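Since the model is a prediction, treat every value here as computed from it, not as a measurement. Just so it is clear, the values below take in all heavy atoms, side chains as well, and ignore hydrogens, waters and symmetry mates.
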Amino acid sequence: MGGSAGPKQLPQGEERFLQCPMVPEGKVVVVLARWVLARSVNPLSVGLSFWFGRFDTWLSSHLKLPPSYLLSYLGNYTDDAQSWKMVDITRLTTKYQHDRADQRICTSLLKTKTCSLERALRRTHRFQKWLRAKRLTPDLVQGLSSPMLRCPSQRLLDRIVRRYAEVPDAGSIYMDHLTDQDKLRLLYTLSVNSHPILLQIFPDVEGWPFPRYLGSCGRLVVSASTRPLRDFFRAAPEVAADLALQLLAVLHSMGTNDLNYFFYFTRVDVGTFGVFSNGHLFIRDASTLGIIDKEEGSQPIDGQQEYKDIFSCLTVDCQSAFVSCNSIREKQSLVMVCQELLPKLLQGKFLPPVQEKIDSFLQHCAEGLADDQDVNEAMAKLAQLLKPLRSCDSRFAYRYPDCKYSDKY
């Protein structure tokens, strides 16, 4: 693949605001079919490639790539064509939901079965307000279904604009450096799935528990690859104990961090968390994360409960009720994890005396804990049971060999 090759033409109907915004020359992502991985075929010869700001999705059928209906794909990434890293290439939502949303946009806004999505969305009252706005304010995201934006503070919205990685000259809280298409792309992403925005504004290099964001293209997001937590439900006891402790540490950091943001889950499942090859656990899917600004608080918006438009209904039923910011409890995420994940990870792993204590705690936690019980105290109690059960060896590369010399690891 040489520098002389120009960008491919986008297929009929492709929207400009859904093209690849910021993919530097020379960076390549390749989606690999399982047989390609197994036979070590040159990855440059197959796959979906980020190349000159285009995402090539109309490949020959003989390549036997994974089917288009999958939510995510395994891939290889390089920025020098020599060293390759495993990555996850994930849709903002399922292909079915994308197709439904496209149809809904055309039928509700232009009364046609197919249309130019960009032309239709540009006409909306909300986007016209975005075009006139100098700063992203709470009224501009009012009624969007993303949990991240249910209780927005101005500080959080400024962070989104300042750290939005898909535009040049980021760093200002004002939107002067965003073109009309940049604004529509940002609004569309926030409306469909805030996961890629969270990865950009809370990057892993600053210690946040998310995989590294590598770029996006249209409705596809590329991030560092992790194995979902469900792959470890049958892991050895010491591995399960280690992952459970990391999970508790992530929950603690969500409630206690230097920036005074309180992160909470609206839902968790077996794919919410992932594990890197070095054993380090991260939040793999941030789409169900809400954020409350403990420093500034959320900005009250008159009529937010009633305000809905097409951007509110791209992935959810328009009749879905908003969750009040005042109804969020500190223990919410821990209770969900105790209900959905920790029993699957820890059940039947240890000798009876310890296992009985763990099971008893998880049952009490899953039932909601006592109203007056401190969440951090509850997590510390479970951590105290688990710490002696993990081991220190090369399987846990994220803390080895440090764990040989300090109890901290």
(request) Please confirm whether the backbone N or O of Asp293 pairs with a side-chain atom of Arg155, one donor and one acceptor, at under 3.5 Å? (result) no
(message) So does Phe265 get a backbone contact from the side chain of Ser333, meaning a donor-acceptor N/O pair under 3.5 Å?
(response) yes
(request) Please determine if Glu206 and Arg159 form a salt bridge, counting it only when a charged side-chain N lies under 4.0 Å from a carboxylate O. (result) yes
(message) Assess whether a salt bridge exists between Asp402 and Arg399, defined as any Lys/Arg side-chain N lying under 4.0 Å from an Asp/Glu carboxylate O.
(response) no
(request) Look only at the side chain of Arg135 and the backbone of Asp158, and say whether a donor-acceptor pair between them is shorter than 3.5 Å. (result) no
(message) Which residue in the set Leu342, Leu243, Leu245 passes side chain to side chain contact (heavy atoms under 4.5 Å, CB included) when paired with Leu386?
(response) Leu245
(message) So for atom CG, which belongs to Asp407, do other residues, nucleotides or ligands contribute more than 12 heavy atoms lying within a distance under 6.0 Å?
(response) no
(request) List the atom of Gly297, the atom of Ser153, and the distance in Å for their closest heavy-atom pair. (result) O-CB, 3.1 Å
(request) Check whether the side chains of Asp88 and Thr90 place a donor and an acceptor atom closer than 3.5 Å, and report yes or no. (result) no
(request) Would you check if the side chain of Glu340 reaches a backbone N or O of Asp269 as a donor-acceptor pair within less than 3.5 Å? (result) no
(message) Distance check, rounded to the nearest 0.5 Å: Glu118 atom CD versus Ile105 atom CD1?
(response) 11.5 Å
(request) Look only at the side chain of Lys294 and the backbone of Gly255, and say whether a donor-acceptor pair between them is shorter than 3.5 Å. (result) yes
(request) Check whether any side-chain N or O of Arg126 sits under 3.5 Å from a backbone N or O of Leu140 as a donor-acceptor pair, and report yes or no. (result) yes
(message) Keeping Asp242 on the side-chain end and Val239 on the backbone end, is there a donor-acceptor pair under 3.5 Å?
(response) no
(message) When you measure from the side chain of Gln200 to the backbone of Pro196, do you find a donor-acceptor pair of N or O atoms at a distance under 3.5 Å?
(response) yes
(request) Could you tell me whether the side chain of Gln103 and the main chain of His98 form a donor-acceptor pair under 3.5 Å? (result) no
(message) If we ignore hydrogens and angles and just use 3.5 Å, is the side chain of Thr266 paired with the main-chain N or O of Thr288 as donor and acceptor?
(response) yes
